[in-house]
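Since this is a predicted model, take the numbers as computed values, not measurements. To find a chain, count down the sequence lines: A is the first, B the second, and so on, and within it residues start at 1.
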There are 4 protein chains.
Amino acid sequence: MAVQKPPQPAPGKPVPDAGRRSERSRRAIYDAALALVAEVGYPRTTVEGIAARAGVGKQTIYRWWSSKADVLLEAFLDLGEQAARAAGQEEYAFPDTGDLAADLKAVLRATVDELRDPKYDAPYRALAAEGVVNEPLGRVFLARLLEPGLQLYADRLRSAQDAGQIRADVDPRIALELFVSPLAQRWLQRTGPISHEYTDTLVDYALYGLLPR
Amino acid sequence: MAVQKPPQPAPGKPVPDAGRRSERSRRAIYDAALALVAEVGYPRTTVEGIAARAGVGKQTIYRWWSSKADVLLEAFLDLGEQAARAAGQEEYAFPDTGDLAADLKAVLRATVDELRDPKYDAPYRALAAEGVVNEPLGRVFLARLLEPGLQLYADRLRSAQDAGQIRADVDPRIALELFVSPLAQRWLQRTGPISHEYTDTLVDYALYGLLPR
Amino acid sequence: MAVQKPPQPAPGKPVPDAGRRSERSRRAIYDAALALVAEVGYPRTTVEGIAARAGVGKQTIYRWWSSKADVLLEAFLDLGEQAARAAGQEEYAFPDTGDLAADLKAVLRATVDELRDPKYDAPYRALAAEGVVNEPLGRVFLARLLEPGLQLYADRLRSAQDAGQIRADVDPRIALELFVSPLAQRWLQRTGPISHEYTDTLVDYALYGLLPR
Amino acid sequence: MAVQKPPQPAPGKPVPDAGRRSERSRRAIYDAALALVAEVGYPRTTVEGIAARAGVGKQTIYRWWSSKADVLLEAFLDLGEQAARAAGQEEYAFPDTGDLAADLKAVLRATVDELRDPKYDAPYRALAAEGVVNEPLGRVFLARLLEPGLQLYADRLRSAQDAGQIRADVDPRIALELFVSPLAQRWLQRTGPISHEYTDTLVDYALYGLLPR
DNA sequence: CCCTAACCGAGACGGTACGTCTGGTCTTTAT
DNA sequence: ATAAAGACCAGACGTACCGTCTCGGTTAGGG
């Protein structure tokens, strides 16, 4: 997949020269892909449609990506990076005020807001769905989009453990799921509405189970 | 969609006469759909392929279902009903031994086993993914496949509340997600391995937070 | 083909009992077939359409006819018979005033009028076209629709031979084509306009070649 | 229709770029179309079948032609042009030995031979039939296939008029039908056998009527 | 500073599947 | 037993996209 950075010297394909790549085209393709997914939905977004909308030849897409899922994934990653750049450098910091419950609630509230933003919802949902069924893409989706965020939760929980605020024998990688997964499932499978009250309640319910007894 | 029970008098389409429907064809289509999804995966399963394998005309599929997702959903529902019939009547009972932790662990272990069974995994995963992106189908998927199971969790938790085993102010519909959603997300998004140990740990972590304080 | 009256005891098919045949259905089918061919053209006329318009099951058509061409052929024959019955008994008489040229011109003028009547043109043209490509139907078309008329020409020419008006060594079956075929081709293949003047001219040109020298 | 030379700027369809057209595909499609019509007949020849046999995508056919009739028409025109090229430049010359009767007989005999050649008969018959019922195609069939030949007859007759061999007041466009149409009808509608003797007789019967009186 | 290789827009190509339409058969229910 | 109704298997229709493959044209950078 094109996502893997080191362009392995594949036997069949002539590796394209990334140095000569057209930045204009890349941008136009990202924009077209995101716009189309938002407008007509992922299944009715086609590589041909993206190419036409971007004013680009189909081959220019196939030269750099392996599928529409791949295009969309990179487009979405790029969107995140742009947003990060726009917001400043400290994007990926997890608050650590010493009050674990408050910190978790704050982050979860921010996540709720993001999931409700239609600009993110459509492509994010499309990628998640594709990843469910397409294992390679799912792995990239996980590693590039999910994992960094999850690691921050784990780090914050570990920090709380060091402070003696939660039990030392708790596995942070499992504990974080108590907060994150219910929200994820409500959003993905529409098992219920998502709101700040809801995520606050999650923290109230789950965090207590992790406290020292 | 054929799933909606009251066959609304659609203006365009002549409603087919369900009384004359061929049971042979229906069975053959279900079998073919499930087999193909298991063999070649959902995206490479086609309506034409299902028809060919079932020895059925394409029109016979389009007469009764609106899409391959719809076919597969009903096929999977039927699979569940058949399994239920085969196992006896008391399929949907949630154990209530008085020991809530043990009961939850037992049910979650059974769910883990089911999710690991390739017979269920492929079509279930395909439907879940489709439901993420296709809202009407997602709603049916939720109502017909997910909801009944979730309700049993809620009932069991309510029963524990009545017994004073967990706090009265806990909302069972949220509490159940602490057990169910982490497993669901690990499975759908491959955020981690699923096992009996894992679900046992989930119960250990989350249940304590719900106990009377 | 159903046109062949003696329903041969085919091995496969159960010969339908003509005695129980519904006259209502037959009429409705003829009417529907002719109407549809006139309205939407032969290629877009379908057996299903005829059945629906006639308020008849498809099987009722397939029971008695072998194809839409066959239905239309019989419908057209029936149309002719009805017209004949309406006009009186002496429909098929060729005028014999003693003036061969005048008689030929009169009959050809009547044919021109008929070919220009849209009621006849569409189905007649459709049948002719089908017969060009479908030999069995073509033979029936020839025998039932064309041949009787041609025979009248031959008879009239023979009578003229007896009267010494045209050479004795002329073959009437060939001679008649000099009058009939040019008109037929102009009509079928649109090689030129058809009119009374045109057929008069044909007689003027061709008849002289047949006179005693 | 693709046959119409000036490719009018149709509003809906994007006009394909004829410069990039694959000659290989065109040839293969012509060959496949003619072969299939000869083998299984026109009605059972399908666009899919042509595409499969030619080793071509269906879209490649629909891109350049509007229907199977259109394909076959051009295939047949191409066949004629190839034969012409193979035979030399002077294909379309009508003999003018000074003996009109002999010249007409010679050309008609050649036509009889051609109509009897199965290679020509099947597609030619199919096109003629389609043209009877499909007016636009019929017009092209007439203009491209029939008209050039008919014009040669007219020219030859005009030349005979100049030589005083037939009456000056005879319209050559009508006179030629006395020779051509009877043969055409016998062939198309199977009203009689066609042979050299037959066409010789036609000339004997009809030509005399055109002589100066 | 040009030459030549690459990328680029464009779009034709061989294909697969779509969802629809019709052909001809079979089955059900009513007369 | 025939008829109306219509579901069934079959398969062609014409369309939409897929991913590959030319085509000029432009746009570098190495000679």
Side-chain angles (χ1 to χ4, degrees), chain A residues 13-14 16-22 24-25 28 44-52 54-64 66-68, chain B residues 13-22 24-25 28 44-49 51-52 54-64 66-68, chain C residues 13-14 16-22 24-25 28 44-49 51-52 54-64 66-68, chain D residues 13-22 24-25 28 44-52 54-64 66-68:
Chain A
K13 306 263 184 139
D17 176 350
R20 300 203 158 193
R21 186 167 181 182
S22 161
R24 271 221 315 107
S25 298
R44 286 171 39 209
T45 297
T46 67
V47 173
E48 283 199 346
I50 296 171
V56 140
K58 282 202 291 178
Q59 197 54 255
T60 301
I61 294 183
Y62 285 111
R63 186 159 21 236
W64 302 108
S66 67
S67 64
K68 74 167 170 175
Chain B
K13 306 266 184 132
V15 180
D17 178 351
R20 301 213 157 177
R21 186 166 182 180
S22 161
R24 280 233 297 112
S25 298
R44 290 180 28 219
T45 296
T46 66
V47 173
E48 276 191 353
V56 142
K58 281 203 290 177
Q59 199 57 44
T60 300
I61 294 184
Y62 285 110
R63 185 160 22 241
W64 302 109
S66 66
S67 63
K68 74 169 169 174
Chain C
K13 305 261 185 143
D17 177 350
R20 299 209 162 192
R21 185 166 183 182
S22 159
R24 270 217 320 106
S25 298
R44 286 171 40 210
T45 297
T46 65
V47 174
E48 290 208 331
V56 141
K58 281 204 290 179
Q59 196 55 256
T60 301
I61 295 184
Y62 284 111
R63 187 162 17 242
W64 301 109
S66 66
S67 65
K68 74 168 168 174
Chain D
K13 304 267 185 136
V15 180
D17 177 351
R20 301 213 158 178
R21 187 165 181 181
S22 162
R24 281 235 293 111
S25 298
R44 288 181 26 219
T45 296
T46 66
V47 173
E48 264 185 7
I50 296 171
V56 141
K58 279 204 290 179
Q59 199 57 44
T60 300
I61 295 183
Y62 286 111
R63 181 154 32 233
W64 302 109
S66 65
S67 64
K68 73 169 170 174

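- Considering only side-chain N and O atoms, B:Thr60 lies under 4.0 angstrom from the phosphate OP1 or OP2 of F:dC9.
- Summarising the geometry, the separation between OH on B:Tyr62 and P on F:dC8 is reported as 16 Å, rounded to the nearest angstrom.
- For a distance-only test at 3.5 Å, the side chain of B:Arg63 fails to qualify as a donor-acceptor partner of the base of F:dA7.
- Distance, B:Ile61 CD1 to E:dA17 P: 14 Å, rounded to whole Å.
- The two residues B:Ala28 and B:Ala54 come nearest to each other via the heavy atoms O-CB, 3.5 Å.
- The nearest heavy atom of DNA chain F to C:Glu48 and to C:Ala51 marks one nucleotide each, and the one closer to the 5' end goes with C:Ala51.
- In this structure, A:Asp17 atom CG and E:dA6 atom P are separated by 8 Å, rounded to whole Å.
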Check the pair C:Ile61 / C:Lys58 against side-chain contact (heavy atoms from CB on, under 4.5 Å), numbers first and verdict last.
-> CA-CA 5 Å; C:Ile61 295 184; C:Lys58 281 204 290 179; 5.8 Å; no

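- Remark: C:Thr46 is not in phosphate contact with E:dC21, judged by side-chain N or O atoms under 4.0 Å from OP1 or OP2.
- At whole-Å resolution of the value, CZ in A:Arg24 and P in F:dA28 are 12 Å apart.
- Regarding contacts with the backbone of F:dA3, every side-chain N or O of C:Ser25 stays at 4.0 angstrom or more from both OP1 and OP2.
- Residue D:Arg24 qualifies as open at atom CZ: its count of foreign heavy atoms under 6.0 Å is 12 or below.
- Toward the 5′ end of DNA chain E lies the nearest nucleotide of A:Gln59, the other residue of the pair A:Gln59 and D:Lys58 mapping further downstream.
- Looking at every heavy atom in both residues, B:Trp64 comes nearest to B:Ala18 through CH2-CA, 3.7 Å.
- At E:dC13, one or more side-chain N or O atoms of D:Trp64 fall inside 4.0 Å of OP1 or OP2 (strictly under the cut-off).
- Nearest-nucleotide assignment on DNA chain F puts the 5′-proximal partner with B:Val56, out of A:Val47 and B:Val56.
- Look at CZ on D:Arg44: it is 16 Å from P on E:dG23, rounded to the nearest Å.
- Across all strands, B:Gly55 comes closer than 4.0 Å only to sugar-phosphate atoms, never to a base (heavy-atom distances).
- Summarising the geometry of C:Thr45 relative to C:Lys68, their closest heavy-atom pair is O-NZ, 2.9 Å, with the distance given to 0.1 Å.
- Nearest-nucleotide positions on DNA chain E for B:Lys68 and A:Arg20 put A:Arg20 closer to the 5' end.
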